[in-house]
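A short write-up of the structure that comes next.
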Number of protein chains: 2
Amino acid sequence: MDRTAETRAAAETRRAETRAAETRRKGPVGRPRGFDADEALERAMRVFWEQGYEGASLTDLTSAMNITRTSMYAAFGNKEELFRKALERYTEGPASYGVRALREPTARQVATAFLHGAVRATTRPDCPAGCLGVQGSLAAGATGGHARDTLAAWRDEHTAHFRDRLQQAVDEGDLPADADPGALARYLMTVANGIAVQAAGGVPREELQRVADLALRAWPPVG
Amino acid sequence: MDRTAETRAAAETRRAETRAAETRRKGPVGRPRGFDADEALERAMRVFWEQGYEGASLTDLTSAMNITRTSMYAAFGNKEELFRKALERYTEGPASYGVRALREPTARQVATAFLHGAVRATTRPDCPAGCLGVQGSLAAGATGGHARDTLAAWRDEHTAHFRDRLQQAVDEGDLPADADPGALARYLMTVANGIAVQAAGGVPREELQRVADLALRAWPPVG
DNA sequence: ACACATCTGAACCGATCGGTACGGAAGAGG
DNA sequence: CCTCTTCCGTACCGATCGGTTCAGATGTGT
């Protein structure tokens, strides 16, 4: 690893010196790259998005990018740098709804644009489901596929329990008659899963407590 | 893999036949197990919780369980079954707040108990942060550590952008003066991340759209 | 005391992981 | 043309993956 970084750094230094010594160079010398680096990065982003960082093997990545391991290594450094660049591309591409939302005129419009953008971006039919920023290390490779499906089923099962419980509340008049138990149950599970993501990232308990209290303000009054 | 299942199934069949043939057996014959299977499962659960399914290697698991690979294989079948049993234990243990919440008398209390329980369970100082049901395939092993940290920083960075934007809204009177921009920004990011988790699990767009609209009902009025 | 079922530790399996070394092919500049 | 630089494909590296086999230690029921 140290050797690698050292070698690469040395190569870049040498290249810079060469360029400086000859003061100006029209184009890059040597055989030009035989593939579109931008398109390759786009494809790598998709793979990371779908399979996560660890779940995406170099074989998966390079075969999707239609280049060899060596070409990937030369063009992007290593797997970690490739991931970093893919994340940048994701931020400016599929996740650009985030910065767009920030430019909305009112706070409510900011919030609305952001959440609606998140829904659209995570459920586009032509893209992997979910958000690279979350499942970059949520998704799984071949061996983890079963585990991932098991957990998705686990979450759905518990959502169903809440839906049933809330349906009972509607029947009892404890919720408004027009309340949607399925949507409310999904809402609870969504907020709880979001809280788990935040917690895994190190957000402290007090802050998440405020999030939970805030989320409960959306709860319908007794019907 | 087929050989494995076949062998194990054959062994269980043989054991059952033996037991049936001798009609009654006081205790299990042969050398008794030299470790506490319950405690071993508890420890395995922790490792899966912290590192995810793929991120937890057999070496990680067995060394945490203080048993050998062979003992684990004999007692739990294989890694996948071990994970399934760990998830069951998690459901009845750290995640039992879920079923407890279902027993609350009113819908609002159900919702409150569930979200507050989620906050407590995902931020216990003596347990891994987050929820096994989410990061069972969210967390990462040794090689994925950098990626996980990168993504956590990425989410925090964008949360900060929203905080700044909402602070501006407070200054402009677009939000109530007592609104907490940090908490509101965290709330938005939490819901968006939760939506991403749902989407990754296959929840369709229309349903998530209803979730987003529901979440926006918690938004404070123009101040 | 004996036979037997089970546990245990270590060595080992093929497969795959991320990452490299090398030699030939191929375009750019003189 | 020749030379130089870079790209590209292959074959390979050590490490680790999940899983298995086997010999020997160990406790139980007869």
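All chains are named by letter (A, B, ...) in the order of the sequence lines, taking the proteins before the strands, and each is independently numbered beginning at 1.
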Checking contacts here: which listed nucleotide (D/dA25, C/dG18, D/dC8) is nearest the side-chain heavy atoms of A/R31? D/dC8
Short side-chain N/O contact from A/T68 to OP1 or OP2 of D/dC8, under 4.0 Å: no
Got a donor-acceptor pair under 3.5 Å from the side chain of A/R69 to the base of C/dG19? yes
Can you tell me the distance, in whole Å, between the CG atom of B/L61 and the P atom of D/dC17? 10 Å
For the pair made of CZ in B/F76 and C1' in D/dG19, what is the distance, rounded to whole Å? 17 Å
Could you say whether B/P32 or A/S57 is positioned toward the 5' end of DNA chain C, judged by the nucleotide with the nearest heavy atom to each? B/P32
With a cut-off of under 6.0 Å to the ring centre and 45° to the axis, is A/K79 in cation-pi contact with A/Y53? yes
Separation of B/E81 atom CD from D/dG18 atom C1', in whole Å? 14 Å
Between D/dC8 (P) and A/I67 (CD1): distance, integer Å: 8 Å
Once you round it to whole Å, what is the distance between P of D/dT6 and OH of A/Y73? 16 Å
Would you call B/R186-B/D156 a salt bridge at under 4.0 Å N-O? yes
Taking 4.0 angstrom as the limit, do B/R210 and B/E206 come out as a salt bridge? no
Rounded to whole angstroms, how far apart are CD on B/E54 and P on D/dG19? 12 Å
Judged by each residue's nearest nucleotide on DNA chain D, which is more toward the 5′ side, A/A74 or B/T59? A/A74
What is the separation between atom CE on B/M72 and atom P on D/dC17, rounded to the nearest whole Å? 13 Å
Looking at the side chain of A/K79, which of C/dG19, D/dC8, D/dG19 is the nearest nucleotide? C/dG19
Counting heavy atoms from C-beta on, name the nucleotide in D/dT28, C/dG9, D/dG19 closest to the side chain of B/L58. D/dG19
Side-chain touch A/M65/A/F76, heavy atoms, less than 4.5 angstrom: yes
Please give, in whole Å, the distance from C/dT6 P to B/F35 CZ? 14 Å
SB check B/E80 B/R84 (cutoff 4.0 Å): no
Go through D/dG19, D/dC8, D/dT26 for me and flag the one nearest to the A/S71 side chain. D/dC8
Base, sugar-phosphate or nothing for B/T70? Non-hydrogen atoms, less than 4.0 Å. base
